[in-house]
Amino acid sequence: AYGLAPDRVRPAHHGVDADRFHPGLPGGRERIGAPYVAFVGVLHPRKNLGALREAMARLAARGAPHALAVVWSPPADRADPGGLVREALAELPGAPGRLVALRDLDDRELAAVLAGADAFCLPSLSEGFGLPALEAMACGAPVVAAARGALPEVVAGGGLLVEPTADELDAALDRVLTDARLAQDLRERGRRRALELPWSRTADDWVAALEQAVTTVRARWRRRAYGEGEPR
């Protein structure tokens, strides 16, 4: 997008605290009151929550007992998000009582909700990283995520990547919620993927990028000061 040579780009992924976000945390199912699919994010149009709501309504119509747990916060870049919030948190069509809204949870509360989920879904149309997907994988929740933005790079082989349409989300969630073997496989793969991205790696990658930048700038300065033929 920016026309940079690949050797000038060093990704420094965000990380996850695997001691805080891990499987087996109690409280999620009790808080929601039913088996559930979790969503975490600001209520912004790019999060595409409407497609997930439609998919969950279809699942409920076919007899699935799952609620949709929406852990949300208001978007900082929208002056009047009230209409969007009301629409996002309204009852699921044809499935009253199946949406549970939880606002601004702290990390302990969020980890418990993620660990208790039968699935986690992030259907975003665009993501710069998608930290909730990584935290969900760390908690052992089977992840269904949009094949958009940074999510394929973050989720990698740790979850199911689909197009962010109601049809694709419905099909993927139906598979996860009805196939215990697939769900367990995703829990294990997701946890392994999450453990590859600790915050310590984020720090190491930032240090490496800064060291590369210093080395590059020094080399350019020396070439300008002493000429191309001088030692670097």
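Throughout, residue positions are numbered sequentially from 1 according to the sequence presented. If you're wondering where the values come from, they're calculated on a predicted model, not measured in any experiment.
Rounding to the nearest 0.5 angstrom, the gap separating the CG atom in L43 from the OG atom in S73 is 7.0 Å. With rounding to the nearest 0.5 Å, the separation of CG in N48 from CG in L52 is 8.5 Å. Atom CZ in F120 sits 10.0 Å away from atom CG in L134 (nearest 0.5 Å). Of the inter-residue distances, the one linking H66 atom NE2 with I32 atom CD1 reads 12.5 Å to the nearest 0.5 angstrom.
Side-chain polar atoms of S124 and E127 form a donor-acceptor pair below 3.5 angstrom.
One finds a salt bridge joining R193 and E196 here, because a Lys/Arg side-chain nitrogen approaches an Asp/Glu carboxylate oxygen to under 4.0 Å. Between D106 and R20 there is no salt bridge, since no side-chain nitrogen of the basic residue lies less than 4.0 Å from a carboxylate oxygen of the acidic one. Of the charged side-chain nitrogens involved, none lies within less than 4.0 Å of a carboxylate oxygen, so that E87 and R53 do not count as a salt-bridged pair. At a threshold of 4.0 Å, the pair R62-D170 counts as salt-bridged, since one of the basic side-chain nitrogens sits closer than that to a carboxylate oxygen. Using a cut-off of 4.0 Å between Lys/Arg side-chain N and Asp/Glu carboxylate O, R31 and E109 are scored as salt-bridged.
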- Message: For R58 and D174: C-alpha separation, side-chain torsions, deciding distance, then whether salt bridge (Lys or Arg N to Asp or Glu O under 4.0 Å) applies.
- Response: CA-CA 10 Å; R58 293 180 187 180; D174 186 62; over 6 Å; no
- Task: Applying salt bridge (Lys or Arg N to Asp or Glu O under 4.0 Å), run through E163 and R148 and close with a yes or a no.
- Result: CA-CA 8 Å; E163 283 300 303; R148 298 289 181 87; 3.0 Å; yes
- D205 and H13: CA distance, side-chain angles, deciding distance, side-chain hydrogen bond (donor to acceptor under 3.5 Å, both in side chains) verdict: CA-CA 8 Å; D205 287 345; H13 297 88; 4.9 Å; no
- Query: Run the side-chain contact (heavy atoms from CB on, under 4.5 Å) check on L110 and L102 step by step: do they pass?
  - Reply: CA-CA 9 Å; L110 174 59; L102 305 168; over 6 Å; no
- Message: For a side-chain contact (heavy atoms from CB on, under 4.5 Å) check, start with the C-alpha distance between L49 and W72, then their side-chain angles and the critical distance, and finish with the verdict.
- Response: CA-CA 11 Å; L49 180 57; W72 71 282; over 6 Å; no
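Residue P164 comes nearest to A146 through the heavy atom pair CB-CB, 3.8 Å, listed as atom of the first residue, atom of the second, then distance. Of all non-hydrogen atoms in A111 and L25, the two that sit nearest each other are CB-CD1, 3.4 Å. Here the closest heavy-atom approach between residue P123 and residue C121 is recorded as CD-O, 3.7 Å. When all heavy atoms are compared, the tightest approach of A117 to P142 is O-CD, 4.3 Å. When all heavy atoms of A119 and L173 are compared, the closest pair comes out as CB-CD2, 4.0 Å. Considering every non-hydrogen atom in both R103 and P74, the closest pair reads NH2-CG, 3.3 Å.
Residues W206 and L131 are members of separate hydrophobic clusters, defined by side-chain heavy-atom contacts under 4.5 angstrom among Ile, Leu, Val, Met, Phe, Trp and Tyr. Under the 4.5 Å side-chain heavy-atom criterion for Ile, Leu, Val, Met, Phe, Trp and Tyr, F129 and L161 are members of the same hydrophobic cluster. Using a 4.5 Å cut-off between side-chain heavy atoms of Ile, Leu, Val, Met, Phe, Trp and Tyr, with links allowed through other members, V42 and V85 fall into different hydrophobic clusters.
Using a 4.5 Å heavy-atom threshold, the side chains of F39 and L122 count as touching. Residues L177 and V37 form a side-chain contact, since some pair of their non-hydrogen atoms from C-beta on lies under 4.5 Å apart. L114 places a side-chain heavy atom less than 4.5 Å from the side chain of V40. Side-chain contact check for D107 versus F21: some heavy-atom pair is nearer than 4.5 Å. Two residues are said to be in side-chain contact when any heavy atoms from C-beta on lie closer than 4.5 Å; V70 and V100 fail this criterion. Here the side chains of L186 and L160 are in contact, with some heavy-atom distance below 4.5 Å.
Residue-environment remark: CZ (R201) exceeds the threshold of 12 foreign heavy atoms within 6.0 Å. Within 6.0 Å of atom CZ in R175, 12 or fewer heavy atoms from other residues, nucleotides or ligands are found, so the atom counts as exposed in its surroundings. Surrounding CZ of R8 are at most 12 heavy atoms belonging to other residues, nucleotides or ligands under 6.0 Å away.
A donor-acceptor pair under 3.5 Å is absent between the side-chain atoms of D118 and the main chain of P35, judged by distance alone. Between the side chain of E91 and the backbone N or O of G97, at least one donor-acceptor pair lies under 3.5 Å. Proximity of a side-chain donor or acceptor of R191 to a complementary backbone N or O of M137 within less than 3.5 Å is not detected. Without hydrogens or angle criteria, E54 side chain to A51 main chain gives no donor-acceptor distance under 3.5 Å. For R46 (side chain) and S126 (main-chain N/O), a donor-acceptor pair under 3.5 Å exists by modelled atom type. Using modelled atom types, one side-chain atom of R187 and one backbone atom of G140 make a donor-acceptor pair closer than 3.5 Å.
Using a 30° and 60° split on the angle between ring planes, H14 and W199 fall in the tilted class, from 30° to 60°.
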